[in-house]
Amino acid sequence: MQVTKTVAETRALVKSWRKEGKTVGLVPTMGYLHEGHASLIRKCREENDIVVVSVFVNPTQFGPNEDLEAYPRDFERDNALCKSLGADLIFHPEPEEMYQDPCAFVSIETLSENLCGKTRPIHFRGVCTVVSKLFHIVAPDKAYFGQKDAQQLAIIRKMVRDLNFDIEIVGCPIIREEDGLAKSSRNTYLNPQERQAALCLSRAVKRGQELIAPGMDSEAVLKEMRAVIEAEPLARIDYVSMVDALTMRDVEKVDRDVLVAMAVYIGKTRLIDNFSYEV
Ligand code: AMP
């Protein structure tokens with residue numbers, strides 16, 4: 001397995017693989033890898049000749065008061081995990097390699113405005129910009145994203161369609177801890193009491209999945225889910241919403257494929273979870 005830090009080295013390597021007729025898969029990550037990331041890398045390993053993992057804590061997707069500095073990093077561990085999963089290359093650039101006083105950004109409108117976009121107004125612009133850059137640098141055949149970040153996945157799919165990237169986007173299911181908590185690099189911020197409290201998210205997901213049925217009022221489902229979270233004193237709801245699976249706009253009834261998504265603060269840590277429902 002190789003590690004590159006520059007765009008030029010990465011391009012040269014990918015070019016040499018392409019010359020040999022190999023297919024290339026990309027797994028974009030911010031590092032501090034866990035089983036959720038590993039599931040994407042495994043799927044990528046199954047479906048491509050070459051597996052590229054990017055490890056880059058992308059500054060443009062963090063707001064001014066967010067956790068860019070505090071975001072956990074452990075490249076040695078990430079390196080070992082990627083190697084054990086059979087990755088061929090980790091692209092691990094410094095921020096200065098990726099951004100030199102940038103003026104070009106990629107924004108996907110409408111889909112970025114609701115849910116996490118309300119509290120994190122520049123977040124998806126940063127995500128779409130860095131993912132576009134990675135797509136140009138690595139030029140993969142396929143790229144792998146987790147359903148854990150369901151709004152991000154919907155936005156990336158739309159970006160690929162709207163901007164004609166010749167890349168297949170593969171969505172992968174949410175990987176959870178044994179007790180239900182969705183795996184996340186940010187779970188490391190939680191103290192033991194908060195870790196216990198964080199279970200209210202997956203409990204609310206479960207409650208929503210039990211209740212939801214075609215034709216129901218969305219509020220009937222959301223009200224019950226909110227009650228599960230509100231019963232937890234350490235939790236504070238950012239949003240619990242039901243949206244059209246494609247447009248990310250709020251829906252009043254379960255009359256199409258929907259995404260039921262939430263963001264909840266546990267202490268200072270903002271966690272997300274969701275489920276999809278097809279009518
Ligand atoms: P991140 O490093 O948090 O930016 O995540 C990189 C990729 O891994 C994204 O496509 C995430 O959706 C995906 N991912 C993160 N956590 C999970 C999880 N628990 N299950 C599945 N995919 C995940």
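Whatever order the structure lists ligands and atoms in, that order sets their numbers, starting from 1.
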Give the atoms of ligand 1, by number and element, whose distance to some non-hydrogen atom of Pro28 is under 4.0 Å.
6 (C), 7 (C)
For the NE2 atom of His123 and the CG atom of Leu115, what is their distance to the nearest 0.5 Å?
11.5 Å
Do you know which of Leu246, Asp250, Val221, Ile212 makes side-chain contact (heavy atoms from CB on, under 4.5 Å) with Val258?
Ile212
For atom 20 (N) of ligand 1, the closest protein heavy atom turns out to be Ile175 N, 2.9 Å
Would you mind listing which atoms of ligand 1 come within a distance below 4.0 Å of any non-hydrogen atom of Thr29?
2 (O), 6 (C)
Does a side chain donor of either Glu194 or Thr269 reach within less than 3.5 Å of an acceptor in the other side chain?
no
Numbered atoms and elements of ligand 1 in range of Ile174, under 4.0 angstrom, heavy atoms
20 (N), 21 (C)
Nearest non-hydrogen contact to atom 13 (C) of ligand 1 from the set Gly146, Ser185, Ala182 belongs to Gly146
Going by the atom numbers of ligand 1, which of them fall below 4.0 Å from some non-hydrogen atom of Leu40?
7 (C), 8 (O), 10 (O), 13 (C), 22 (N)
Quick one: nearest non-hydrogen protein atom to atom 4 (O) of ligand 1, plus distance?
Met30 CG, 3.5 Å
Measure the OG-NE2 distance between Ser39 and His34 for me, rounded to the nearest 0.5 Å.
9.0 Å
Which option, His37, Glu177, Glu35, His34, owns the non-hydrogen atom nearest atom 16 (N) of ligand 1?
His34
If you measure from the Lys or Arg side-chain nitrogens to the Asp or Glu carboxylate oxygens, is any gap between Glu9 and Lys5 under 4.0 Å?
no
Which atoms of ligand 1 are found less than 4.0 Å from any heavy atom of Pro173?
20 (N), 21 (C)
Taking 4.0 Å as the limit for heavy-atom contacts, which would you say applies to Cys172 with ligand 1: side chain only, backbone only, both, or neither?
neither
Under 4.0 Å from any heavy atom of Lys148, which atoms of ligand 1 are there?
16 (N), 17 (C), 18 (C), 23 (C)
Provide the full list of ring pair (Phe, Tyr, Trp, His ring centres under 6.0 Å) pairs with a residue in residues 140-182, sequence neighbours left out, each pair given once.
Phe135-Phe165, His136-Phe165
Salt bridge between Arg18 and Asp141, side-chain N to carboxylate O under 4.0 Å?
yes
Taking only heavy atoms of Phe145, which atoms of ligand 1 are found under 4.0 Å from at least one of them?
10 (O)
Any N or O on Ser184 sitting closer than 3.5 Å to an N or O of ligand 1?
no
Atom indices of ligand 1, in the order listed, that fall short of 4.0 Å to a heavy atom of Asp149
11 (C), 12 (O)
Does a sphere of radius 6.0 Å around CD in Glu109 hold more than 12 heavy atoms from other residues, nucleotides or ligands, not counting ones at 6.0 Å or beyond?
no
Mind checking ring-ring contact (aromatic ring centres under 6.0 Å, His included) for Tyr99 and listing every partner two or more places apart, or none if nothing turns up?
none
